[in-house]
Amino acid sequence: MLFLVSGFNWPYYAMPPALQAVAHCLPIFHMSCIMRKVNLIGATAGWVLPHLLALAVWLVVACAWGYRAFKQWCRVQSMAPVPESQTGA
C-alpha cells in the first residue's frame with residue numbers, strides 16, 4: 001500500500017489531496033523524487049535539497065525510535081526469569 005501511495009508507480013499529481021499528504025510523510029516518496037530528478041533531468045543538489053532534508057528528518061526519527069525500542073527490549077530481557085538450564089545449577 002505504501003509503495004502505491006509513494007508516487008513511484010502512480011503519478012503524484014493524479015492522487016487525491018489526502019493521499020498526496022500521506023505520500024509526503026513517506027521516505028520512499030522523497031527518495032523516488034530524488035532518483036527521478038537526478039536520473040531524468042540531471043538535477044543538482046540544490047534541486048533535491050528539500051527531499052534530502054526530509055530524509056534526514058526521517059533518519060533522526062527512525063534512530064530515536066529504534067534506540068527507544070532497543071532500550072525497552074533490554075529492560076524487558078533483564079527482568080525475564082532465567083531458565084534453570086542457563087543458571088549452571
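- Under a hydrophobic clustering in which Ile, Leu, Val, Met, Phe, Trp and Tyr are joined whenever their side-chain heavy atoms come within less than 4.5 Å, directly or via other members, Leu59 and Ile28 fall into different clusters.
- The distance from atom CD of Gln72 to atom CZ of Phe70, rounded to the nearest 0.5 Å, is 12.5 Å.
- Atom CH2 of Trp47 sits about 4.5 Å away from atom CD1 of Ile41, to the nearest 0.5 Å.
- Once rounded to the nearest 0.5 Å, the distance linking SG of Cys33 with CZ of Arg36 reads 5.0 Å.
- Pairs passing the side-chain hydrogen bond (donor to acceptor under 3.5 Å, both in side chains) check and including a residue from residues 22-34, sequence neighbours excluded, read Tyr12-His24, His30-His51.
- For the atom pair CG of Leu49 and CD1 of Ile34, the computed distance is 9.5 Å after rounding to the nearest 0.5 Å.
- Leu55 and Val61 are not part of a single hydrophobic cluster, where members link through side-chain heavy atoms under 4.5 Å apart.
- Rounding to the nearest 0.5 Å places CD of Gln20 at 8.0 Å from CZ of Phe29.
- Remark: Trp73 CH2 to Ser78 OG distance equals 10.0 Å, nearest 0.5 Å.
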- Query: Checking side-chain contact (heavy atoms from CB on, under 4.5 Å) for the pair Val38/Thr44: CA distance, chi angles, key distance, verdict?
  - Reply: CA-CA 7 Å; Val38 170; Thr44 61; over 6 Å; no

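- The shortest heavy-atom contact between Val48 and Ala43 is CG1-CB, 4.3 Å.
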